[in-house]
Amino acid sequence: MESFFGRHKNATVLAAVLFAQLLGLATQIKTQTDRGSVRLVRYWAVAAITPLEKGFVHTQDWVRHLWSNYLYLRGVRQQNEQLKQQIDQMRIQQVRLQEDANQARRIQALLAFKEQYIAQTVAAQVIGTSGTEQSRIVYIDRGSNDGIRPDMAVITPDGIVGKILTVYPTTSQVLEITDPQSGVGAILEKSRLMGILKGSPTGQPHLDYIMSDEKVEVGENVITSGGDQIYPKGLPIGKVVSVGPGRDLYLNIPVKPAAALDSLEEVLVITQVVDKSPDTTDLGPIRAADILAQRLPSVPQQKQPAASPVVGEAPATPPAPGAAQPQAKPPATQPQTKPPATGVTKSKPNPPVVKPKSPATQSTPPQEPRP
Amino acid sequence: MNLTYTSREQVEVYRFSWPVAIGVPLLALFLQAFVPVHVYFFRAFDLPLLVTIFFGISRRNPITGLSTGAAIGIFQDALSHQPIGLFGIAKTCIGYLASSIGVKLDVDNPGSRFLMTYAFYIVHQMICYALRGMMGESPAWHWGHDLGLALANSLLAVVLFAGLDRFKQRT
């Protein structure tokens with residue numbers, strides 16, 4: 001019996017030649033997308049696979065949603081009560097933190113401090129991967145139609161995931177921070193040492209370019225430095241797993257990613273980051289005396305040796321750096337402080353440590369107590 | 001009309017129907033891309049490689065084997081961010097080798113399948129390593145890691161090949 005190829009030899013050869021030409025075309029010609037170019041064969045492969053993946057993921061979500069929101073409601077009432085209690089506790093905590101935040105914003109405003117804020121994000125669902133350990137890529141169900149562009153940061157509430165590599169109309173490729181070709185500007189939270197977080201073929205990222213004579217603690221948090229112009233400053237990256245001697249003069253510092261990269265389901269793509277000064281409009285007007293009180297050493301109050309310390313007054317001795325000072329009032333709203341321009345008061349000055357450091361206070365040494 | 005995809009070898013040569021010949025590699029590629037989203041360790045497996053080996057040793061035609069490997073590899077490259085051709089070249093070689101060795105060895109024995117897949121996985125990784133070096137990258141070879149992955153893939157291959165044997169059709 002003659003085989004299929006034997007009977008249709010010409011057609012088979014024709015098909016093979018056409019296939020080879022198409023393949024060659026696809027691997028050489030680049031097709032233009034909204035941002036950048038992408039190889040045609042890659043475009044075809046993604047277009048063939050991602051609709052299936054999307055279908056599976058959305059069906060899965062629908063079933064899960066149906067089950068968890070309509071069918072399986074056991075323990076919801078109890079959980080609701082627990083959450084209410086948690087909200088009450090957090091409200092109390094919020095009031096305390098609000099005061100601290102207001103104080104920080106005032107100080108930042110005085111210093112003309114600009115900070116990066118995440119202004120806009122797009123939630124996306126992970127629908128697929130590259131399927132190989134040598135290419136740590138995930139696909140998300142958002143693309144250029146949703147405003148996604150290459151080099152946008154991808155995060156979860158736990159930490160950063162990676163950056164957008166290639167954008168298709170309805171899907172995007174995300175390069176994880178564990179990929180060997182990935183690099184993230186990083187800083188150690190406590191020691192403030194700066195380095196670059198690089199991925200590896202085994203999936204364990206390393207913090208590079210930390211000199212071997214530096215002291216790094218195991219378990220120290222690693223956050224983004226903002227130096228790569230992709231990830232906003234201060235986002236969690238992970239924790240130091242171990243510290244050992246590395247190549248050349250640098251330490252070998254493996255880092256465990258903060259985001260659960262092995263079980264990613266939903267991520268946020270940062271589509272807009274703005275540089276702005278802290279908003280202090282809701283803090284009320286700042287009086288000239290308050291500004292002076294921030295910038296200049298405060299005038300001491302009359303010392304009353306017999307009197308017991310008043311609750312809410314600043315401590316007499318400087319606290320340790322970084323120690324919490326819950327009793328210290330916000331400097332901008334201290335009504336008892338007076339500008340030193342009068343120069344007539346000769347009592348002991350208040351300790352300058354209760355004042356936040358501003359350029360003016362740093363350059364002006366605190367007044368020594370007079371006998 | 002005989003809709004089969006077959007080899008011309010005379011002994012122990014199998015053929016597969018078109019749906020199997022196309023559907024199984026596509027399914028392997030899809031599973032390889034989709035399953036790791038939910039089962040992270042699945043990345044350790046290389047289903048497209050296993051399918052390439054299986055079709056190679058079953059058909060025992062080098063041209064068919066390398067063609068299958070090339071197609072599967074290029075498709076796999078397209079889903080990654082690495083240069084297209086890396087897996088394509090590696091799997092072309094594996095497809096060719098599997099077809100050639102399949103003529104000389106008893107490839108229906110689970111033991112030989114295990115050893116063959118183990119060796120092919122290592123060769124596949126070495127080819128990828130060499131190609132990356134040629135592309136100017138400085139890849140690091142992790143022996144323990146790769147040998148472990150080879151073991152995992154070989155074990156899976158024994159099970160997978162036994163399942164795929166059902167689709168074989170004797171010529």
K.L.:
Please output the residues of residues 27-40 of chain B in contact with chain A, using a heavy-atom cutoff of under 4.5 Å, in numerical order.
P.N.:
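Within residues 27-40 of chain B, the residues that come under 4.5 Å of chain A (heavy atoms only) are B/F30, B/Q32, B/A33, B/F34, B/P36, B/V37, B/H38, B/Y40.
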K.L.:
Look at A/L264, A/L52, A/V126, A/V46 and state which one has the largest set of heavy-atom pairs under 4.5 Å with chain B.
P.N.:
A/L52
K.L.:
With a 4.5 angstrom heavy-atom cut-off, is it the side chain or the backbone of B/H81 that approaches chain A, or both, or neither?
P.N.:
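Interface part for B/H81: both.
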K.L.:
One pair to check against salt bridge (charged side-chain N to carboxylate O under 4.0 Å, His left out): A/D179 and A/K163. What are the steps and the verdict?
P.N.:
CA-CA 11 Å; A/D179 188 90; A/K163 68 170 186 176; over 6 Å; no
K.L.:
Could you tell me which portion of A/L261 (side chain, backbone, both or neither) has an atom closer than 4.5 angstrom to a non-hydrogen atom of chain B?
P.N.:
backbone
K.L.:
Between A/Y209 and A/Y250, is the ring centre distance below 6.0 Å?
P.N.:
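Between A/Y250 and A/Y209, which both carry aromatic rings, the centre distance is below 6.0 Å.
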K.L.:
Applying side-chain hydrogen bond (donor to acceptor under 3.5 Å, both in side chains) to B/R60 and B/S100, what does each step give before you reach the verdict?
P.N.:
CA-CA 6 Å; B/R60 293 171 179 171; B/S100 305; over 6 Å; no
K.L.:
Would you compute the distance between atom CZ of B/F55 and atom CG of B/N61 and round it to the nearest 0.5 angstrom?
P.N.:
14.0 Å
K.L.:
For the pair A/K54 and A/T170, evaluate side-chain hydrogen bond (donor to acceptor under 3.5 Å, both in side chains) and give the outcome as yes or no after the intermediate values.
P.N.:
CA-CA 10 Å; A/K54 274 187 186 178; A/T170 57; 3.3 Å; yes
K.L.:
Does either side chain, that of B/T68 or that of B/R59, offer a donor lying less than 3.5 Å from an acceptor on the other one?
P.N.:
yes
K.L.:
Which region of A/E53, side chain (C-beta onward) or backbone (N, CA, C, O), has a non-hydrogen atom less than 4.5 Å from a non-hydrogen atom of chain B, or is it both or neither?
P.N.:
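For A/E53, heavy atoms of backbone and side chain both lie under 4.5 Å from chain B.
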K.L.:
Salt bridge check: are A/E266 and A/R142 linked by an N-O gap of less than 4.0 Å?
P.N.:
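No.
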K.L.:
Could you tell me which portion of B/L47 (side chain, backbone, both or neither) has an atom closer than 4.5 angstrom to a non-hydrogen atom of chain A?
P.N.:
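Neither; nothing under 4.5 Å.
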K.L.:
Would you mind checking which part of B/F87 comes under 4.5 Å of any heavy atom in chain A, side chain (CB onward), backbone (N, CA, C, O), both or neither?
P.N.:
side chain
K.L.:
When only pairs under 4.5 Å are counted, which of A/S135, A/G128, A/P180 shares the most heavy-atom pairs with chain B?
P.N.:
A/S135
K.L.:
Assess whether a salt bridge exists between B/D46 and B/K91, defined as any Lys/Arg side-chain N lying under 4.0 Å from an Asp/Glu carboxylate O.
P.N.:
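A salt bridge links B/D46 with B/K91.
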K.L.:
Please check if any side-chain donor atom of A/Q125 sits under 3.5 Å from a side-chain acceptor atom of A/D61, or the reverse.
P.N.:
yes
